[in-house]
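Read the numbers this way: they start at 1 and go in the same order the structure lists the ligands and their atoms.
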Amino acid sequence: MKVAVASFEFEGNSLSLGVARREDFVRLGMFEGDDIYRAVAGKQLSLSGALDTLTEAGAEILPVFMARCVPGGHVEDEFYEEALAKITDGIAAAMPVDGVYLALHGAMICATEKDPEGAILSAVREKLGRADIPMAVSLDLHAHVTERMADTAQIIVGYETYPHVDVYRTGACAASLLVRAIKDEIRPVTRIRKYNAIVPVLGGATLNDEPMAQVAALSRAIEASGRALSVSYFPVQPWLDMADVGITGLAISDGDPSQAEAVAQEVLDAIWDRRYDFELPAMTPREAVEAAVVADGRTLIIDAPDSMGAGAQGDSPALLAALVRHAPDIESAVFIVDPETAALAQEIGIGGTGDFLIGAKQDSRWFEPVQVTATVTHICDGQFTYSGGPASGIQNSTGPTAILRAGGIRIMVGSYSIYEHLDEHYAACGIDIATCRITSFKNLMNYRKLLGPGVQYIPLYGPGAAPLRLQHVEWQNRVRPFWPADDMSLPMPAPKSAVSDRKIEHQ
Ligand SMILES: [Zn+2]
């Protein structure tokens with residue numbers, strides 16, 4: 001049993017100006033061949049779960065390529081082509097193989113290719129030369145699954161949880177279905193159903209009895225009933241400006257396409273039926289700061305429109321401006337990506353004071369930089385290690401970083417945007433958020449792990465690359481009517497992808 005494995009993970013955002021280049025992938029870890037084992041061993045990545053499962057099954061594993069990057073706008077063409085060639089050349093060199101496992105995110109955007117993951121799967125299928133060699137793919141819960149992907153891979157499995165705590169398990173699950181398919185124990189067939197609808201990410205937790213938790217429970221019940229080998233649901237990364245992006249139900253059946261379609265439809269309808277429940281209350285930066293000042297205990301202010309986890313660049317100073325104006329003496333911490341200011345602070349040095357213009361430099365469409373007179377209290381290289389979540393045990397860095405203090409406000413100015421898990425990045429720079437009445441986060445879900453007695457959260461709404469109100473975005477490519485821009489009592493199927501004609505023909 002010979003299985004080739006590769007991963008190429010990136011979450012795009014059509015509204016973000018960020019471009020992911022080769023060096024951004026290299027910074028987070030790009031590996032080939034046996035180095036991949038060392039990179040993922042003991043980690044919580046989907047590739048870790050898949051490799052452990054394939055090893056246990058006694059498969060001969062051919063690790064081909066692995067590259068990951070923090071979410072952003074889009075991947076530059078040059079690197080996408082390079083990664084695609086590494087994957088397809090590696091698989092061609094490994095031939096003949098009995099199966100392929102790919103760890104993808106599913107919401108990649110490229111400058112040119114409109115269906116990046118679909119194109120990867122098609123290119124791999126072409127190298128395999130046969131439609132019946134099983135391919136298994138694991139995806140993020142926010143994946144944009146295209147018809148071409150479902151037509152090309154027999155097995156597609158998405159994360160079941162948000163916050164994503166089952167990434168390892170997802171890779172293991174996809175790999176174990178792959179092993180069973182290679183052994184001819186099952187004949188997996190994947191089908192998707194999709195509506196022309198997008199829903200806010202902030203309300204998409206699978207915690208407690210929240211809407212997506214109910215969809216998850218339904219999906220697990222269907223699996224337990226034996227009606228499907230695997231059921232996935234994709235509330236989708238909504239800031240993808242493409243006609244065929246929409247909430248998606250997915251099912252894998254054992255050799256029965258119409259059964260898979262029926263289950264996918266049932267799960268899709270379960271998301272649609274809850275479409276009103278995803279929108280959470282939110283405030284403007286000023287309202288949030290004023291509410292935090294009078295609140296007992298600590299407040300996490302969630303700068304949702306500038307969420308780095310959703311692909312925004314992390315350089316919005318909107319909350320900083322509100323703190324400077326309405327709570328200058330309250331102990332608070334904010335993180336802002338601003339390499340220029342970080343460099344200036346490092347030049348001034350610890351103990352020095354300067355006038356800084358902070359933020360709105362990567363993306364100046366919505367805000368002006370905020371002028372602050374502050375003292376440099378800390379400088380460092382921004383290195384930190386994730387304490388949990390999908391990146392558990394993996395190092396990341398905010399790059400050259402400085403802490404500036406202005407009254408009660410500590411401004412952590414970094415050079416790179418990051419995926420925030422908990423407060424690891426703050427702690428690495430000496431900021432103990434337990435001492436802050438207000439702490440800013442630029443992620444849409446992981447902050448919920450920091451809540452508890454005496455700790456509340458307030459999400460912000462407003463302009464940015466990840467705005468909460470999806471109906472107010474000036475979409476270029478979405479087709480009307482779509483939810484939530486149009487009042488729809490009945491769902492509409494999502495338009496077919498413009499690239500579906502590029503789908504390869506199976507023999
Ligand atoms: Zn996700």
Undergrad: Taking the N/O/S atoms of His142 one by one, which is nearest to the Zn ion (ligand 1)?
TA: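 The closest N, O or S atom of His142 to the Zn ion (ligand 1) is ND1.
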
Undergrad: Taking the six-membered ring of Tyr461, is the NZ or CZ of Arg469 close enough (under 6.0 Å from the centre) and on axis enough (within 45°)?
TA: yes

Undergrad: Please state whether the separation between the Zn ion (ligand 1) and some N/O/S atom of His105 is under 2.8 Å?
TA: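 Checking the Zn ion (ligand 1) against His105, no N, O or S atom falls under 2.8 Å.
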
Undergrad: For the Zn ion (ligand 1), find the closest N/O/S atom belonging to Asp140 and write down its atom name.
TA: OD1

Undergrad: Between Phe25 and Phe31, is the ring centre distance below 6.0 Å?
TA: no

Undergrad: Counting backbone and side-chain atoms alike, does Glu11 have an N/O/S atom under 2.8 Å from the Zn ion (ligand 1)?
TA: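 Here the distance criterion (N, O or S atom, under 2.8 Å) is not met by Glu11, so no.
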
Undergrad: Does the ring centre of His164 sit less than 6.0 Å away from the ring centre of His142?
TA: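 When the ring centroids of His142 and His164 are compared, they turn out to be within the sub-6.0 Å range.
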
Undergrad: Taking 4.0 angstrom as the limit, do Arg274 and Glu210 come out as a salt bridge?
TA: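 A salt bridge is absent here (no side-chain N lies under 4.0 Å from a carboxylate O).
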
